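Have a look at the structure below, then the notes.
As the structure is a computational prediction, the values presented were derived from the model and not from experiment. Just so we're on the same page: letters track the sequence lines, and every chain starts at 1.
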Amino acid sequence: MNFEMSDDRRMLADSLGRLLDDACGFEHRTKVAYEAPWHDPAMWSGLAELGLFHAFLSEDQGGFGGAGFDITCVFEPLGRALCPEPVLAQMMGLTLLATAGAETGPALDGTERLALAVDEPDAPWEPEAGSTEFRGGKVTGRKSVVYGGHVADRFLVAALADGKTALVSVAAGDASVTPYGMIDGGGASEVVFEEAPGEVLIADAGAAIADALDRGRLALAAEAVGAMDAALALFTDYLKTRKQFGRPIGTFQALQHRAVDLAIETEQARSIVIRAAAAMGTEAQGKAVAQAKALTGKIARLVAEETIQMQGGVAMTWEYPSSHYAKRLTMIDHQLGDAMFHTERLAKMV
Amino acid sequence: MNFEMSDDRRMLADSLGRLLDDACGFEHRTKVAYEAPWHDPAMWSGLAELGLFHAFLSEDQGGFGGAGFDITCVFEPLGRALCPEPVLAQMMGLTLLATAGAETGPALDGTERLALAVDEPDAPWEPEAGSTEFRGGKVTGRKSVVYGGHVADRFLVAALADGKTALVSVAAGDASVTPYGMIDGGGASEVVFEEAPGEVLIADAGAAIADALDRGRLALAAEAVGAMDAALALFTDYLKTRKQFGRPIGTFQALQHRAVDLAIETEQARSIVIRAAAAMGTEAQGKAVAQAKALTGKIARLVAEETIQMQGGVAMTWEYPSSHYAKRLTMIDHQLGDAMFHTERLAKMV
Amino acid sequence: MDLSYSPEEQEFQDEVRAFLSEKLPGELSNKVRRGQELTKADYERWHAILNARGWLGGAWPKAYGGQGWSAIFQHIFEEECALAHAPRIVPFGLKMLGPVLMKFGTEAQRAEYLPRILDGTDWWCQGYSEPGAGSDLASLRTRAVRDGDHYIVNGQKTWTTLAQHANRIFCLVRTSTEGKPQEGISFLLMDLDSPGIEVRPIRLIEGGYEVNEVFLTDVRVPVGNLVGEENTGWTIAKYLLGHERSNIAMTGFSVAALDGLKKLARAVRRGGKPLIENPLFAARIAEVEMDLEAVRITNLRMLARAEKTGAPGPEASMLKIKGTVVRQALNDLARQALGPAAAPFPSEALEGNLALAPDGHAQAAASYFNNRKISIYGGSNEIQRNILAKGMLG
Amino acid sequence: MDLSYSPEEQEFQDEVRAFLSEKLPGELSNKVRRGQELTKADYERWHAILNARGWLGGAWPKAYGGQGWSAIFQHIFEEECALAHAPRIVPFGLKMLGPVLMKFGTEAQRAEYLPRILDGTDWWCQGYSEPGAGSDLASLRTRAVRDGDHYIVNGQKTWTTLAQHANRIFCLVRTSTEGKPQEGISFLLMDLDSPGIEVRPIRLIEGGYEVNEVFLTDVRVPVGNLVGEENTGWTIAKYLLGHERSNIAMTGFSVAALDGLKKLARAVRRGGKPLIENPLFAARIAEVEMDLEAVRITNLRMLARAEKTGAPGPEASMLKIKGTVVRQALNDLARQALGPAAAPFPSEALEGNLALAPDGHAQAAASYFNNRKISIYGGSNEIQRNILAKGMLG
């Protein structure tokens, strides 16, 4: 038993943390996160140069990582910094390209940007339930809230082909893309395919997509833990320094006990993410990831609501970073299945 | 709009309260509640002499009440006193006798004791789902956890007859009755009918039983409010007087805020019971009663758990009345459908 | 026990409904229903419509141009307005300063200001909170120093709602530093055009602008603008807080929001079926609904008691807490119901074929974040618990 | 990162499992699984079986007859015991007094008492709490006054678990009233047979007897029974509290309870189907399960840290809180699952054809009520929050 990060991962996480301190400071981050194109090419290049994307693939696949803990050691710092870059989309895309045995070089070095086009307006989080079709070499359908779609060069699309869910590659130029920003910063897009030429990467892609989604969920859960840590640090600092009725508000017992509960729940979140990271690639993956996503989603919302409530008005303002953590912590639950969605999946496994 | 009790009801509630002060003091109550026959004939006679049972029927039916508020104004004091007598069973039984147009005199004056035999081991809270049968004038089947069954003279049994749920009257002597006490005091019984001679009171009794159950649920919700009031009174008194770290524990803010939440929730419980009482006999009855039973069930458990936790060890002891309130408040949710059961019913109505 | 309105009250309810269906402009109710920001002109338009009917200051005594509504009439009016998605009445002049002037103002102040509140000439805002004095209001530090016929005011106010639309502000200011902090506070009226006053907007979490900072630098205020005696401002502030209890539970808004939520959950699909058929989601709706139903009755109980005794009792703080919690739970479920579609910002950018949310729900996430405020402002729920604990535990 | 046990630890785990499957008497494990009260003989029987294998004091150093188990070995042992429904080891001698004597006792005290703990000659109980000193332990008032070679002890202890089976008690007593309350406390060993000691049972909420009051009237205790220096008892008490951290999260019990709950929910029917198919109930199980899984990992993290640094860190208080909450949630669901069948008391009265609950669950409600204690004793969850707040907020 060992809960220390390996030296390699610690070095990567530390380098990433330093890069984000420089390239993703609060003011710059807020600007990038909320203004078109919701993306900073320099930040992206910095991440790529760090070799970040190589951490998502195994050595066999041309990377130097690929394990669950490689994902979490990257996404925790991204969460702490509220980094708005579409690293999640790149990670899931790379996973699928590697599974398909397709060329990963340009995506690994960050020159090609990928986005996974899975959700549809009436079928969020359920790739099998979509109605997008692939027929005669062409894709037709609509994908909704495609994270990273605002800057993607290529879409990896879940589409029905011959009664199966296939993974089809479509160049961004062949789709109609409507980019937009998100309430918690960063970008996404609506993507409409009308007879768009596509190349099948995996003909029967159900399992491959499910695996990529699981890796994405693990990443989001780790990102949430990073954001919780940062939000709690701001919050405890505020409780220690802000005075009301002549003393720091952190001396009021009712707030103390609620603050402690947030700290406990954040440790719970950290633990369940460790559990899920360790379970990647094993039989336990599906259940452990669902637990991690559901529990972090629930706790993230609690941290968001309670840190606003206890800090009061200031945490309602745009100028104070706490509000942005609250938004990210809340909206992270809307990606790749919310706490209810995964709890329901788990309820069927009990 | 008027939230005052009518003079008649207030007089009845006051008389009942005084009677219970005398006849159902803590020590005597605990003895009766936990020792066979789990019943005190003197207390029962006292209740009957007060005319209590007449409050459950309308003037048409030979009583002087029968409205929702007649039920709540009786059951709140019963809850405050933790009265273990099977008044609930008598009330539901009387309702059904009156609906059937059967003789109610002996039950009204308390000389005949009734019990409604509805639940079965594999079908709690669902009279339609039972497998007890009525055929050729005989009842066969098992009814489980029949409240009041330990002292009943007569059972009103839900039984399948000609594809419908009928209400059948069976003399207690014709059934095999196994009486027992309950963890929260008072008694019930297992009742097995083997070709027991029965008389059909209502041939198609689904609606009549549903109405009696609704009235029972309202009664239990009101009883819960009475018990909450008493439990909170003990609790606030304890918080004011018990000292730790040199001051009353009621001056610790973390406990204060939780105490306040209990008071707020108790008012919520009171309000939803008022709502349900007012809805009796209207189209809104089913939904309002389900809301009252579900919400009071949830709040009753909260009050039970929190008053134990905040009072600490003393509230874990048999000698201190608080523990008995906690038991009743918890177990009341097990009667006539728990919070989950009714929430699920409501979820289908949203 | 009787939960229904009297015949007179029912008649009034019908009257309000008829009025709303006839006079409330669809443009306004649609904006409100969709959670869109209202312009100054929107508010003024609605105020004028109400004033024309004599209902803008319906709760004011007839002597001051009102209808002398009872608490129940006022409740009926506000609940119906909320159900119809009418813009809320801007409360600072009508519900705050008005009653204060009636009780503490001079004849001259009443004559000057009250008519201008009703006819829309003045838009008041409230200068209570300061950067260092939020929940602990009595620690405020904005100073007003007497200089002949004027006070010279220096300091800073914050969380000043809709100050960007206002031309006047009423402030709590410190006129003495002796004794307990509560004892040196005065209630002062100011013209926002006065030299030395600067209003700076504060951007809120969801991106909107509805509150402001107000900087006061050597602002000269005529002593005639003092309301009540010098150093009695705390009494006035407490009166105002105790008085302003109508609509505290916001049940009208919540009933409307519940209705919208159910429609939303019917329109949105999950797992190939309407979300409302999902047993977990439907159970959550059912749970909020029973809580709301109970709050609604507690609210009526408070009104009935206030009608009898003149005082709302501790239920006011309970209603503030539970009413806001229920309202926020409804916002939370609406946000959740949208799934991924809740995230784009601002969602109106996506229209026509690309619209993501059913009509009226594009702002679900923004409304959720914005409404975190309701359990903070006007005495946070923690402050309400302190108040209740004092009553309960001494 | 590696969550799995080392080969050596796995081997030990296998060894424990094999031992339990061979040596744990079915009568005992059935009683435990059913939540029935164990007799003194039951406990003694199990202790003797363990002692024969050298595992009763497994965590004790070899010098004192133990195995010198690491924290992880200890955890493995306790988790496996819990999963197998073994009786819990009575902790007062083995986990409390033993380590205290090893650290603070004299050679003579160790030689006299430690072997008698292992061989079952002595059954110790703990005299900490008093009627006026629960969470505020330092305010205890039981006095010990020196009289030659003896202390004369007067006072009252309460919540003394299983004192009815014990022949000895270790007590915190006040030997000085000077200075801070913590400074005048001593740690004293007593023979329960001493004249002047009376043990009176306390009946608990669910009807059982497991705690007692202990009345001390002019009890003469030889000064040789003092552990450590006079007036240093608080240090010993704190050491004991900090030391006794194994099994604090009770995850073994909870995993076993979760397993039992799932079986129960499969056996019980509601609406014509097994309860486990009810989406609301299944979701509740899923929620507790994920909480438990997280507690389990937090527990392992604490063990790994303790192994490295020797100190459990703040996780200990976190585990106490969350571990008890999860355990209680499981009790709550089991009670709920039974519906009406949870209410009869004592349920064992109903047997054979009339049995109401599936095997092992007749005591579901009683266990639920009894386990409300776990968030109160050993430093209530409120006290744990105070401790954590101090670390977090200074």
Using the side chain to side chain contact (heavy atoms under 4.5 Å, CB included) rule, take B:Ile249 and B:Met310 through it: C-alpha gap first, then chi angles, then the decisive distance, then the call.
CA-CA 9 Å; B:Ile249 59 175; B:Met310 288 191 264; over 6 Å; no
Distance from A:Leu218 atom CG to A:Leu336 atom CG, nearest 0.5 Å?
11.0 Å
Donor and acceptor N/O pairs, chain A versus chain B, under 3.5 angstrom:
unit_1   : atom_1 : unit_2   : atom_2 : d
A:Gln253 : N      : B:Gln253 : OE1    : 3.3
A:Gln253 : OE1    : B:Gln253 : N      : 3.4
A:Gln253 : OE1    : B:Ala254 : N      : 3.0
A:Ala254 : N      : B:Gln253 : OE1    : 3.0

Any idea which heavy atoms bring B:Ala263 and B:Leu232 closest together, and the distance?
CA-CD1, 4.0 Å
Going by heavy atoms in the side chains, are A:Val225 and A:Phe75 under 4.5 Å from each other?
no
Taking every non-hydrogen atom, the tightest pair across A:Ala259 and A:Phe235
CB-CE2, 3.7 Å
Quick one: side chain to side chain contact (heavy atoms under 4.5 Å, CB included) partners of A:Ala212, sequence neighbours excluded?
A:Thr95, A:Leu96
